[in-house]
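Reading through the structure tokens given below for one structure.
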2 protein chains.
Amino acid sequence: MVGGAVAASLAVSTVIFTLLEHEGAQRLHLPLVRRTREPFDGAEALPGGWIGGDEGLEEAARRTLAETTGLRPSYLEQLYTFGRPDRSPTGRVVSVIYSALVRSPEAARVAEVHNVRWAPVDEVRGLAFDHDEVVAYALWRLRAKVGYAQVAVHLLGETFSLGQLREVHEAVLGRPLDPANFRRRVTASGAVEATDEHLTGGRHRPPRLYRAVVPEGATGPFQTTAGPAA
Amino acid sequence: MVGGAVAASLAVSTVIFTLLEHEGAQRLHLPLVRRTREPFDGAEALPGGWIGGDEGLEEAARRTLAETTGLRPSYLEQLYTFGRPDRSPTGRVVSVIYSALVRSPEAARVAEVHNVRWAPVDEVRGLAFDHDEVVAYALWRLRAKVGYAQVAVHLLGETFSLGQLREVHEAVLGRPLDPANFRRRVTASGAVEATDEHLTGGRHRPPRLYRAVVPEGATGPFQTTAGPAA
DNA sequence: GCAAAAGTGTTCGAGCTACACCCATGT
DNA sequence: ACATGGGTGTAGCTCGAACACTTTTGC
């Protein structure tokens with residue numbers, strides 16, 4: 001299976017979401033890096049890089065993410081592969097796009113070190129290549145997924161209150177949710193389990209803390225919500 | 001963005017589903033081609049080939065599909081990209097996998113011409129590379145998708161009875177469906193529209209023929225059920 | 001005591017399932 | 001006439017939306 005290969009460059013880029021305080025509310029942000037070479041010199045782009053000769057695709061996503069932003073995501077899944085022949089003006093580039101979530105403290109830790117700007121998702125425009133499109137698609141997928149899969153917990157720490165989890169969902173979906181119904185839906189789904197601890201220091205009644213339950217099928221050949229394990 | 005590129009070979013393969021008569025019922029089948037060179041010489045594999053230097057990914061999928069099987073799919077979407085460094089014993093190959101549907105007459109037309117075997121989906125085993133995995137994942141996705149998206153119509157002709165459409169769903173899901181409820185669900189969804197014609201020649205009351213309704217958002221930048229347009 | 005979030009209960013309606021039943025056709 | 005798939009009606013269940021209400025804390 002060697003011989004027919006063609007000279008396309010293989011890249012990987014990642015759309016990373018996190019929650020940051022913005023105008024008094026938790027809102028979805030993503031990190032952008034400014035390009036320092038042609039094409040699109042000076043424009044902002046998604047973090048990424050070339051795929052190494054001896055690494056898997058997800059591995060490449062993690063490596064380039066660490067190199068360009070220093071981030072270690074708590075969730076990472078393949079999103080889509082873009083390969084229009086004209087998407088880069090300097091030659092054929094096929095990009096495997098990953099989608100990731102990082103917890104806020106991790107994002108804050110990195111913000112001061114690297115040349116990274118955290119942009120609110122709805123203010124992302126004018127990115128290099130077709131990255132505007134990529135971001136819109138990643139956001140659409142995240143919003144769809146938060147409805148049926150346990151992804152939101154990856155934006156929070158080990159334990160969390162149901163109010164905090166609801167705020168995450170609200171930030172992702174961009175609309176308020178009924179606290180009572182949200183609580184019932186989440187607890188009934190079995191996706192979280194109660195701990196004995198409560199969150200103190202708040203201004204009101206201390207909420208019980210919960211922990212995410214690791215799904216059953218996660219050890220099988222396929223993660224049925226994210227794609228094949230390969 | 002030239003210069004860092006790495007020497008990975010870029011391939012495309014397609015999992016194609018169609019409906020064929022098998023043991024008295026319509027069942028899902030897919031075409032396999034027998035390899036005539038190393039690696040996996042003599043084994044069966046998914047149709048595919050190398051991606052050309054000046055074609056899009058979907059374009060490459062259509063071309064290789066035509067070249068190896070002669071098939072023209074009525075539906076085609078990107079499924080997943082596989083890139084484990086060791087998935088081919090002869091060197092690094094990254095494969096973009098597409099999932100396709102073809103109508104039965106098209107499948108029958110091609111079956112006699114090319115070196116293609118149509119295998120019932122649940123008897124597919126021992127394929128080259130990681131193609132067993134790929135098929136299992138494609139099937140899982142198709143079954144999930146048939147529940148919320150209008151994909152089944154691509155296995156039928158221009159017009160069809162609701163009984164035929166139900167048979168398609170039953171073949172995909174592998175279980176019987178209540179005819180009354182299926183009819184109501186489909187008509188209420190607005191995914192099909194009634195024609196004035198009826199299917200004659202059957203042994204019983206002639207069913208009304210329906211036509212698939214092209215979804216609204218299909219002209220926008222994204223097809224919200226399949227992925228970005230790019 | 002008061003404000004506000006945590007947490008519980010209840011009602012309502014949409015949508016799905018199961019199943020009874022009528023309709024129209026070929027044999 | 002009758003068998004069979006096409007097509008309609010309907011009762012019951014589940015689940016989510018809306019919202020009233022009680023509980024527990026800080027101030």
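None of these values were measured; they are calculated from a predicted model. Numbers restart at 1 for each chain; the letters A, B, ... are given by sequence-line order, proteins then strands.
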Run the ring-ring contact (aromatic ring centres under 6.0 Å, His included) test against His204(A) and tell me which residues pass, sequence neighbours left out. none
Taking only residues two or more places apart in sequence, or in another chain, which ones meet Ala108(A) in a side chain to side chain contact (heavy atoms under 4.5 Å, CB included)? none
Residue list, ring-ring contact (aromatic ring centres under 6.0 Å, His included) with Tyr210(A), at least two apart or on another chain: none
Going by salt bridge (Lys or Arg N to Asp or Glu O under 4.0 Å), name the pairs with one or both residues in residues 152-178 of chain A, residues two or more places apart or in two chains. Glu158(A)-Arg211(A), Arg166(A)-Glu170(A)
Sequence-distant partners of His198(B), ring-ring contact (aromatic ring centres under 6.0 Å, His included), two or more places apart: none
Nucleotide dC23(C), atom P - distance to NE2 of His198(B) in whole Å: 16 Å
Within residues 172-194 of chain A, which residues have any heavy atom lying less than 4.0 Å from an atom of DNA chain C? Ala180(A), Arg183(A), Arg184(A)
Using a strict heavy-atom distance below 4.0 Å, which residues from residues 160-171 of chain B are in contact with DNA chain D? Gly163(B), Arg166(B)
Tabulate protein N/O versus nucleotide N/O from nucleotides 24-26 of chain C, keeping only pairs under 3.5 Å, one per line.
unit_1: dG26(C); atom_1: O4'; unit_2: Arg203(B); atom_2: O; d: 2.8

Taking side chain to side chain donor-acceptor pair (under 3.5 Å) as the test, write out the residues that go with Arg109(A), two or more places apart. Glu106(A)
Output every pair passing side-chain hydrogen bond (donor to acceptor under 3.5 Å, both in side chains) with a member in residues 118-128 of chain A, not counting sequence neighbours, ordered by first then second residue. Arg27(A)-Asp122(A)
Excluding sequence neighbours, so at least two apart, what forms salt bridge (charged side-chain N to carboxylate O under 4.0 Å, His left out) with Arg34(A)? Glu44(A)
Pair Thr81(A), Thr81(B): side-chain N/O donor-acceptor within cut-off below 3.5 Å: yes
May I have the list of side-chain donor-acceptor pairs in residues 11-26 of chain B shorter than 3.5 Å, sequence neighbours left out?
unit_1: Thr18(B); atom_1: OG1; unit_2: Val102(B); atom_2: O; d: 2.8
unit_1: Glu21(B); atom_1: OE1; unit_2: Gln26(B); atom_2: NE2; d: 3.0

